[in-house]
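Working notes for the structure below.
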Amino acid sequence: MSLLTKAFPVSSPIHAAASAVAAFPADPAQVFKALENAKLPSLSEADLSTLNKTIESIVYVTNNSLSSSDFALLSLLHPLLSKNEAARATFKNLSRYVNNLQRLDCVQKTGLFPLIPFTQSSGSSLTFELPSSESKDQSKQPSQPPQQKQPAEQKSKEQSQQQSKQPAEQKAKEQSKQAVNDNKEAKDSKKDAKSAKSAGGDDDDKSVQIQRVDIRVGQVMSVKPHPTESRLYCEEINIGDKVIPVVSGLAEVISADQLQGKLVVLIVNVKAGDLKGAMSAGRVLVATSVDGSNKKELVQVPDGVKVGERITFAGANPDIAPDNPLSSKHQSKIFKDLHTSGNKIAQYQKLDFLTSAGPCFVPSIVNGTVA
């Protein structure tokens with residue numbers, strides 16, 4: 001550290017870091033606590049530039065141990081370089097130094113220095129700046145070429161370096177995998193919240209799906225045979241604010257004379273369209289037995305109900321508007337939960353079809369389907 005402190009004024013954080021760790025051995029916990037207590041100021045860009053120039057002539061040899069000075073300098077540089085990719089690219093010698101230190105086992109075991117993702121252009125151990133020609137004029141002796149190491153010695157060193165890198169690389173992979181999982185969970189959570197919001201409530205609320213449907217009390221104003229299908233009727237049904245055309249398979253359920261003027265329960269927000277040559281904008285609800293007899297009955301309303309009244313369900317929010325129109329996907333899903341109870345009450349799941357005068361019902365079909 002003395003070589004580095006000579007390049008800085010006494011007021012620099014470098015001197016403060018050196019003073020903070022001077023009384024401690026190379027114990028990471030003690031050094032880190034000393035640096036925290038010292039409340040060191042951040043390094044300025046000028047400090048970093050000077051430090052980057054000074055450290056280019058220092059060769060750090062990996063020996064899996066740190067001096068207090070190394071630890072102090074790492075504590076100053078790591079937070080800055082981890083948050084500033086531009087600084088990593090600008091101060092390549094500092095990046096080289098920190099990259100070497102952060103991968104040591106003794107540093108990784110402290111848990112204080114998460115791996116910084118250095119690239120080859122910003123401090124990889126394979127890329128660093130060489131001293132300029134001006135910085136070499138103090139050394140007049142020609143440099144001696146390094147002695148070539150024996151193959152066995154070189155192989156041993158490579159194996160040692162590879163082993164020291166494995167724990168850090170494994171930890172980096174685990175952190176990356178955890179980040180991917182966290183991101184996926186966050187996206188799934190956001191998607192679920194969006195679905196619940198669009199439905200008008202929580203998915204656990206049994207009234208949520210049925211609120212998509214606009215079910216009303218209607219009165220049949222006219223009944224005609226379908227032009228091509230004998231089992232179908234073409235009806236004009238008053239739903240309170242308007243009269244809509246409806247094609248329904250009621251010819252085998254009730255005679256045209258009996259259907260004329262009758263109050264029925266129907267869905268009025270289905271997508272209007274042509275049904276075998278006749279326009280239909282609603283669906284009259286009919287119960288079907290499940291005992292094999294295939295008996296069918298109209299869903300009926302109690303006396304005193306007004307034409308156009310909307311069917312409600314216990315716990316449903318009346319302020320939530322139905323879909324317009326109801327999609328075929330939601331319609332199919334909702335129909336799976338329409339049925340009659342043991343008391344012949346029309347229900348969605350366990351929620352009764354309610355009117356101002358009481359629940360909707362069928363004359364005799366118990367535990368049948370409704371569609």
Side-chain angles (χ1 to χ4, degrees), residues 191-220 237-242 244 246-250 262-273 275 280-290 296-302 304-363 365-371:
K191 183 178 179 180
D192 291 342
K194 184 177 180 181
S195 297
K197 182 178 180 180
S198 64
D202 297 333
D203 288 341
D204 292 337
D205 183 353
K206 295 178 180 179
S207 68
V208 167
Q209 293 294 337
I210 198 62
Q211 290 179 72
R212 295 179 179 274
V213 191
D214 191 355
I215 306 176
R216 304 228 198 139
V217 176
Q219 185 174 30
V220 180
I237 301 180
N238 178 13
I239 59 172
D241 55 350
K242 59 184 175 180
I244 61 173
V246 178
V247 175
S248 57
L250 299 177
K262 191 173 184 62
L263 294 182
V264 295
V265 177
L266 72 161
I267 299 174
V268 300
N269 64 329
V270 295
K271 186 176 181 179
L275 186 58
S280 182
R283 183 180 181 118
V284 177
L285 294 180
V286 177
T288 304
S289 65
V290 293
K296 297 181 183 294
E297 295 175 343
L298 286 170
V299 176
Q300 300 182 18
V301 297
V305 176
K306 294 181 179 180
V307 173
E309 182 176 331
R310 185 181 176 189
I311 305 301
T312 61
F313 299 84
N317 186 344
D319 296 329
I320 297 178
D323 293 355
N324 188 23
L326 178 66
S327 69
S328 58
K329 176 182 177 181
H330 290 143
Q331 179 175 306
S332 298
K333 184 175 181 179
I334 291 165
F335 276 7
K336 292 179 181 179
D337 288 324
L338 297 183
H339 59 88
T340 60
S341 70
N343 295 325
K344 297 173 286 188
I345 302 299
Q347 292 183 326
Y348 169 73
Q349 295 182 353
K350 294 183 179 181
L351 304 177
D352 294 349
F353 282 46
L354 298 177
T355 70
S356 59
C360 301
F361 62 94
V362 292
I365 295 176
V366 176
N367 299 324
T369 61
V370 174

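In terms of heavy atoms, Pro359 sits closest to Pro302 at O-CD, 3.5 Å. Residues Ile311 and Cys360 share a closest heavy-atom pair of CD1-SG, 3.7 Å. Of all heavy-atom pairs between Arg216 and Ile239, the closest is NH1-O, 3.4 Å. Asp352 and Phe313 get closest at one heavy-atom pair: O-CD2, 3.3 Å. Smallest separation of non-hydrogen atoms from Leu351 and Ala314: CD2-O, 3.9 Å. Between Gln347 and Phe353, the closest heavy-atom pair is C-CE1, 3.4 Å.
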Start with the C-alpha gap between Leu250 and Leu298, add the side-chain angles, then the distance that decides, and say whether side-chain contact (heavy atoms from CB on, under 4.5 Å) holds.
-> CA-CA 9 Å; Leu250 299 177; Leu298 286 170; 3.8 Å; yes
Apply side-chain contact (heavy atoms from CB on, under 4.5 Å) to Asp214 and Arg310, showing your working.
-> CA-CA 7 Å; Asp214 191 355; Arg310 185 181 176 189; 3.8 Å; yes
Ile237 vs Val284, side-chain contact (heavy atoms from CB on, under 4.5 Å): CA-CA, chis, key distance, verdict = CA-CA 10 Å; Ile237 301 180; Val284 177; 3.9 Å; yes
Start with the C-alpha distance between Glu309 and Val301, add both sets of side-chain angles, then the distance that settles side-chain contact (heavy atoms from CB on, under 4.5 Å), and finish with yes or no.
-> CA-CA 11 Å; Glu309 182 176 331; Val301 297; over 6 Å; no
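With values rounded to the nearest 0.5 angstrom, Gln349 atom CD is found 10.0 Å from Ile334 atom CD1. Here the OG atom belonging to Ser248 is positioned 9.5 Å from the CG atom belonging to Leu275, to the nearest 0.5 angstrom. Atoms CD and NZ, from Gln300 and Lys262 in turn, are 4.5 Å apart once rounded to the nearest 0.5 Å. Taking CG of Asn324 as the start and NZ of Lys271 as the end, the distance is 11.5 Å to the nearest 0.5 Å. Interatomic distance, Leu338 CG to Ile210 CD1, rounded to the nearest 0.5 Å: 5.5 Å.
Side-chain atoms of Asn269 come within 3.5 Å of backbone atoms of Asp323 as a donor-acceptor pair (strictly under, hydrogens ignored). Between the side chain of His339 and the backbone N or O of Tyr348, no donor-acceptor pair lies under 3.5 Å.
Under the rule for a side-chain contact (heavy atoms from CB on, under 4.5 Å), the partners of Val362 that lie at least two apart in sequence or sit in another chain are Ala287, Glu297, Val299, Thr340, Lys344, Ile365. Residues that satisfy the side-chain contact (heavy atoms from CB on, under 4.5 Å) test with Gln219, not counting sequence neighbours, are Met221, Leu263, Val307. With sequence neighbours excluded, the residues satisfying side chain to side chain donor-acceptor pair (under 3.5 Å) with Ser289 are Asp291, Ser293.
Annotation: side chain of Val264 is not in contact with side chain of Val246 (no heavy-atom distance under 4.5 Å).
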